[in-house]
4 protein chains.
Amino acid sequence: MEYNEKQVQIIETAEQLFATNGFEGTSVRDIAQNAGVNIAMISYYFGSKEKLMEAIFVYRIGYTRLKIESMLKDTVLSPTQKIEKIVDSYIEKMMGNQCFYRLMAQEQHVREMQNISELVFQSKFLNTEMVRKIVQEGQKNGEFKKNIDVVMLMATMIGTANHFIMQQNYYRRLNNMLDMSEEDFQKHVKRKLGNHLKNLFKATLTHEA
Amino acid sequence: MEYNEKQVQIIETAEQLFATNGFEGTSVRDIAQNAGVNIAMISYYFGSKEKLMEAIFVYRIGYTRLKIESMLKDTVLSPTQKIEKIVDSYIEKMMGNQCFYRLMAQEQHVREMQNISELVFQSKFLNTEMVRKIVQEGQKNGEFKKNIDVVMLMATMIGTANHFIMQQNYYRRLNNMLDMSEEDFQKHVKRKLGNHLKNLFKATLTHEA
Amino acid sequence: MEYNEKQVQIIETAEQLFATNGFEGTSVRDIAQNAGVNIAMISYYFGSKEKLMEAIFVYRIGYTRLKIESMLKDTVLSPTQKIEKIVDSYIEKMMGNQCFYRLMAQEQHVREMQNISELVFQSKFLNTEMVRKIVQEGQKNGEFKKNIDVVMLMATMIGTANHFIMQQNYYRRLNNMLDMSEEDFQKHVKRKLGNHLKNLFKATLTHEA
Amino acid sequence: MEYNEKQVQIIETAEQLFATNGFEGTSVRDIAQNAGVNIAMISYYFGSKEKLMEAIFVYRIGYTRLKIESMLKDTVLSPTQKIEKIVDSYIEKMMGNQCFYRLMAQEQHVREMQNISELVFQSKFLNTEMVRKIVQEGQKNGEFKKNIDVVMLMATMIGTANHFIMQQNYYRRLNNMLDMSEEDFQKHVKRKLGNHLKNLFKATLTHEA
DNA sequence: GATGAATGAGGATTCATTCAT
DNA sequence: AATGAATGAATCCTCATTCAT
């Protein structure tokens with residue numbers, strides 16, 4: 001679970017290439033070359049290409065949970081504010097790890113990697129439960145309406161954000177933003193996505209259908 | 001654009017295998033074997049594995065547009081009803097072509113296939129414009145509020161639905177539905193997804209934030 | 001069980017190389033190169049290096065049994081003559097297939113290949129039983145003494161012959177035959193081995209210990 | 001020629017693995033792991049995998065000669081008894097070093113190792129000469145007949161014993177001894193082999209053909 | 001004296017494609 | 001029109017060995 005400098009180098013290179021070209025579309029040669037290491041080193045450090053994939057997930061999922069959890073304890077925020085924070089947090093995390101989220105979206109490998117599959121399931125489950133508590137809190141104090149399907153809500157947050165990221169090039173082209181700097185575009189997307197999801201959630205959480 | 005029986009057989013087999021194992025994770029041998037045709041026939045009919053992928057997209061995208069367009073002309077429906085119909089229509093189509101939608105979600109190949117890329121872009125653009133018109137119609141007659149971001153709305157519909165489909169196994173497990181028959185589960189998903197998206201859209205389209 | 005020209009070419013090349021350098025000591029590259037075929041053709045025809053090894057055994061063992069069996073039916077020969085014929089026959093066969101017999105002597109692979117293991121076992125069993133019948137015949141008519149251990153007798157015939165073949169270079173050197181032509185040496189060995197085994201068997205079969 | 005504790009450990013582990021899986025079928029990793037030493041230690045101590053193989057031969061052949069030689073000087077024994085002692089001695093030695101004898105049977109390596117080749121040649125030569133002297137002694141005192149081919153006699157002893165050892169599993173199966181304990185089976189083999197060879201030799205040494 | 005890290009070379013196999021038929 | 005035979009290129013991985021420490 002602790003990786004040395006070279007291992008991290010390999011992991012991050014692989015993450016990017018897997019995200020771009022797919023797992024099978026990326027050869028260990030590519031990874032080694034891009035990471036500036038010997039080909040044999042990948043097997044040496046990770047055992048196999050598959051194990052390397054697993055290592056990416058361990059590396060990325062390992063330390064993400066705590067951040068959100070700490071927020072729940074912050075009693076100063078209202079449920080609505082908490083939801084907004086979660087949205088921002090998710091978008092922030094996803095934008096900062098686009099490659100990894102692209103990887104997660106290639107669900108075939110998650111499905112095939114038993115170890116990872118469980119890790120992801122647990123992670124999803126915990127996140128959902130966390131949001132469920134916030135929603136219940138909001139329902140108690142009257143901020144939120146009854147009959148809220150948390151699982152679907154999560155699917156909307158994650159699905160919308162993922163989909164948007166996946167088709168960002170389409171979006172750039174559609175809005176004549178092809179020449180915008182990557183940095184500016186990222187900011188734009190964060191604001192756009194954030195506002196949309198917050199509005200969406202506020203509307204659906206507070207208003208009776 | 002017109003494929004003979006064997007070509008269709010190959011296309012549909014490839015679609016399923018590509019969806020399940022990825023493009024590079026599927027060999028032409030696999031496809032040939034599953035389709036019950038000679039290996040050389042794939043190159044013979046489609047030129048190459050890549051061209052076969054393109055053929056899948058041509059085959060699937062080709063005749064989907066008309067259906068939705070015909071709906072817009074139906075003036076009996078209110079904007080809200082039209083939106084609901086679009087949601088149902090999208091879900092129905094996606095559920096009936098899960099393999100293909102899984103393929104679309106592996107955006108790397110769409111990105112790499114110039115021909116397809118354009119096809120998909122056009123398709124998305126037209127769909128978005130269609131929804132935009134409905135929204136404007138609803139804004140005119142007061143059913144919908146102002147300040148509606150149609151692009152984000154589309155991202156939410158497509159993203160939520162896709163994401164839900166992608167993680168249906170996770171959903172089954174989470175809700176103790178692992179033993180439910182595929183048919184029942186599909187019905188359940190359609191209703192669940194449909195209701196969620198309709199409520200979501202209604203809330204966000206009609207209520208001021 | 002029927003191999004085409006190229007397959008036979010590969011099989012015989014592999015047989016020789018395996019015999020000379022061992023199974024693991026021989027690369028498919030070597031085989032392909034020596035057989036004058038493409039490297040991929042070996043996997044293409046035989047599936048794998050291991051399967052090729054099996055093919056060698058199937059190829060060689062397949063049609064050897066009949067020859068000896070036909071001899072048993074020949075009632076003109078006395079048991080002693082039959083034994084002598086078997087000795088000659090074995091030596092002849094072994095000398096003509098030294099590579100294969102060298103392969104058989106590398107018992108690790110026979111042990112590891114289930115299919116072959118059984119084939120070899122059956123072959124050995126049948127040969128032993130055949131000799132057993134001849135011995136019993138000889139015991140009945142008084143030519144041979146009682147208390148003959150056929151299994152050990154077989155071990156002596158096979159073991160002596162094999163061992164002699166294996167160390168033929170040692171023998172050449174010991175007897176100043178390094179310059180003798182291969183052909184002459186083969187003849188010499190056949191006579192030498194034949195006489196030795198026949199004398200050995202005659203002595204042990206006819207004289208009480 | 002003198003090996004420290006760790007070297008002996010490596011040698012004996014390698015001997016066993018080489019015997020079981022062949023030289024090329026055994027990796028230095030396997031040896032290091034089984035011997036419980038660092039991988040680099042093998043190159044460090046022996047220079048290379050090949051040199052390690054040589055070391056095994058040096059280690060085993062080095063101190064075997066003396067034992068038999070001392071026997072020749074014992075004038076109390078008759079030639080027949082001496083031959084019998086040699087048979088027992090050989091079987092005993094071989095049974096106690098089955099791995100090594102298996103190695104010797106893989107003659108390709110002996111052939112390839114110049115140093116070892118010579119060592120083995122000398123060893124064989126000396127043993128043969130020793131037996132020749134005993135035979136001559138027996139011929140002088142009338143115990144043995146004339147016209148005895150000592151080289152072939154040696155081939156029979158070594159070949160029969162080796163072959164029997166090599167196919168002990170076949171023998172176990174043939175005689176329903178698959179469940180017999182290793183210890184019991186070893187005893188059985190020693191007696192069986194010993195009696196057979198002694199009878200064989202007695203018959204062939206004493207009776208005119 | 002001993003070893004963990006690292007690597008170039010080579011291992012077997014699979015791949016998509018071609019071509020003669 | 002359709003295909004069995006064949007192949008060059010590329011796949012992942014393991015190998016024995018080296019070297020700095």
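Numbers restart at 1 for each chain; the letters A, B, ... are given by sequence-line order, proteins then strands. Worth knowing before you read on, the calculation uses all heavy atoms, side chains too, and leaves out hydrogens, waters and symmetry mates. Just so it is clear, the structure is predicted and the values come from calculations on it, not from any experiment.
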Query - Rounded distance (Å) that lies between atom C1' of dA12(E) and atom CD1 of I39(C) - result: 10 Å
Query raised in the report: Are the side chain of R111(D) and the backbone of T20(C) linked by a donor-acceptor contact shorter than 3.5 Å?
Result: yes
Report task. Take atom NZ of K49(D) and atom P of dA9(E), then tell me their distance rounded to the nearest Å. Result -> 19 Å
Requested in this report: Look at the aromatic rings of F18(D) and F23(D) and report parallel, tilted or perpendicular, splitting at 30° and 60°.
Outcome: tilted
Query - Rounded interatomic separation in angstrom, taking CD from E24(A) and P from dC15(E) - result: 10 Å
Query raised in the report: What's the CD-P distance between Q9(D) and dA2(E), to the nearest Å?
Result: 12 Å
Query - Side-chain (S117(C)) to main-chain (M113(C)) donor-acceptor, under 3.5 angstrom - result: no
Query raised in the report: For the pair made of CD1 in I10(D) and C1' in dA2(E), what is the distance, rounded to whole Å?
Result: 11 Å
Requested in this report: For R29(A) and for V37(B), find the nucleotide of DNA chain F with the closest heavy atom, then tell me which residue's nucleotide is more 5'.
Outcome: V37(B)
**Report entry** Quiz item: cation-pi between K124(A) and Y170(B), 6.0 Å / 45°
**Finding:** yes
Report summary line: Counted 5' to 3', the first and last nucleotides of DNA chain F within 4.0 Å (strictly under) of a heavy-atom of chain B are dA1(F) to dG4(F)
Query raised in the report: Is the phosphate of dG1(E), meaning OP1 or OP2, less than 4.0 Å from a side-chain N or O of Y44(D)?
Result: yes
**Report entry** Which residue lies more 5' along DNA chain E, comparing S43(B) with N4(A) via nearest heavy atoms
**Finding:** N4(A)
Query - Secondary-structure notation, DNA chain E, from Watson-Crick and G-U pairs under 3.5 angstrom (| other strand) - result: .||||||||||||||||||||
Query - Whole angstrom value for the distance that separates P of dG1(E) from CZ of F46(D) - result: 15 Å
Requested in this report: Give the ring-plane orientation class for Y59(B) versus Y3(B), where under 30° counts as parallel, over 60° as perpendicular and anything between as tilted.
Outcome: perpendicular
Requested in this report: Examine distances only and state if a side-chain atom of Q106(B) and a backbone atom of L103(B) form a donor-acceptor pair shorter than 3.5 Å.
Outcome: no
**Report entry** Rounded distance (nearest 0.5 Å) linking atom CD of Q108(B) with atom CE of M166(A)
**Finding:** 10.0 Å
**Report entry** Under 3.5 Å: donor-acceptor pair, side chain of Q33(A), backbone of D30(A)
**Finding:** no
Report summary line: On DNA chain E, more 5' by nearest nucleotide between V28(C) and M41(D) is M41(D)
**Report entry** Gap between atoms CD1 and C1', on I42(D) and dT3(E) respectively (whole Å)
**Finding:** 13 Å
Report task. Could you give me the CA-CA distance, side-chain angles and deciding distance for Q122(A) and E118(A), then say whether side chain to side chain donor-acceptor pair (under 3.5 Å) is met? Result -> CA-CA 6 Å; Q122(A) 292 301 336; E118(A) 194 54 30; 3.0 Å; yes
Query raised in the report: How many Å lie between CG on N38(C) and P on dT14(E), as a whole number?
Result: 15 Å
Query raised in the report: More 5' along DNA chain F: A40(D) or G47(A), using each one's nearest nucleotide?
Result: G47(A)
